[in-house]
Amino acid sequence: DAGVTQSPTHLIKTRGQQVTLRCSPISGHKSVSWYQQVLGQGPQFIFQYYEKEERGRGNFPDRFSARQFPNYSSELNVNALLLGDSALYLCASRSVEGPQETQYFGPGTRLLVL
Amino acid sequence: GNSVTQMEGPVTLSEEAFLTINCTYTATGYPSLFWYVQYPGEGLQLLLKATKADDKGSNKGFEATYRKETTSFHLEKGSVQVSDSAVYFCALPVTSGTYKYIFGTGTRLKVLA
């Protein structure tokens, strides 16, 4: 089975622009989460979505938004990009059937803001 | 609140040396605990997990024991290889209202031939 997929793999934007990142979860997984990993640090939680509803949001400004589609794929949008938004953006999916707590991560989208 | 404290790196070892990466946590109750590994230029891969106290997770020669008395989940490997060079993250799930991981800061391991 395919793992979590993300697109694009790399992206270069300039300050003030907007960006959309995409994620497809593992087949059968209905929960998708987004994390931001700044160079040299651990990933920080941005959003969790389940059944197309936002179930949690981390300490990120309103410039960050996301949504989940009926097929459980997800998009992360960031408006008015700042230099500090340069990071690896990771998507993770999880099965909510039974006591499953393991999240499986995609390869990430590396965003550079100039 | 919930938190994870991970030993700082980088850790540099010779091939076949013994590895320990320390991880301690603060949490309500007894959550599962995870170790993830990140190879250069890649995302996170699940390395191992433990779902309850005294459990030992193991994978690819790595082991970690969930010790509630010391609130620790240290990662160990008896004989490291060059291919183990990566960044290792300890992770704690938080399930109040949402489901998310709290990660440690990561420990970079470099293994020399």
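Within every chain, numbering begins at 1; the chains are lettered A, B, ... in the order of the sequence lines, protein sequences first and strands thereafter.
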inquiry  = When you group the ILVMFWY residues by side-chain heavy-atom contacts below 4.5 Å and let the links chain together, are A/Tyr104 and B/Ile102 in the same group?
reply    = no
task = Would you indicate whether the side-chain heavy atoms of A/Pro43 and B/Tyr36 approach each other to under 4.5 Å?
result = no
ask   = So if you build clusters from Ile, Leu, Val, Met, Phe, Trp, Tyr with side-chain heavy-atom gaps below 4.5 Å, do B/Phe89 and A/Ile46 land together?
value = no
query = Quick check: does any side chain N or O of A/Tyr35 sit under 3.5 Å from a backbone N or O of B/Tyr101, one acting as donor and the other as acceptor?
reply = yes
task = Report the distance from atom CD of A/Gln37 to atom CG of B/Leu44, rounding to the nearest 0.5 Å.
result = 6.0 Å
query = Within a strict 4.5 Å, meaning less than it, do heavy atoms of the B/Tyr99 and A/Arg94 side chains meet?
reply = yes
ask   = Same cluster for B/Val4 and B/Phe34 if Ile/Leu/Val/Met/Phe/Trp/Tyr side chains link at under 4.5 Å?
value = no
Residue A/Phe69 excluded, over 12 heavy atoms near CZ under 6.0 Å = yes
message = Given heavy-atom pairs under 4.5 angstrom as the criterion, report whether the side chain, backbone, both or neither of B/Gln38 touches chain A.
response = side chain
request  = Indicate if A/Leu90 and A/Leu11 have the same hydrophobic cluster label, given that clusters are the connected sets of ILVMFWY residues with side-chain heavy-atom separations under 4.5 angstrom.
outcome  = no
inquiry  = Counting only heavy atoms not in B/Glu69 (residues, nucleotides, ligands), do more than 12 fall under 6.0 Å from its CD?
reply    = yes
key: Residue, of A/Gln103, A/Arg57, A/Arg55, that accumulates the most heavy atom pairs under 4.5 Å with chain B   = A/Gln103
message = Do A/Phe45 and B/Thr98 have side chains that approach each other closer than 4.5 Å (heavy atoms only, starting at C-beta)?
response = yes
query = Under 3.5 Å, is there a donor-acceptor pair linking the side chains of A/Thr102 and B/Lys49?
reply = yes
Contact class of B/Leu46 relative to chain A, heavy atoms under 4.5 angstrom = side chain
Joint cluster assignment, A/Val38 & A/Trp34, ILVMFWY side-chain distance < 4.5 Å = no
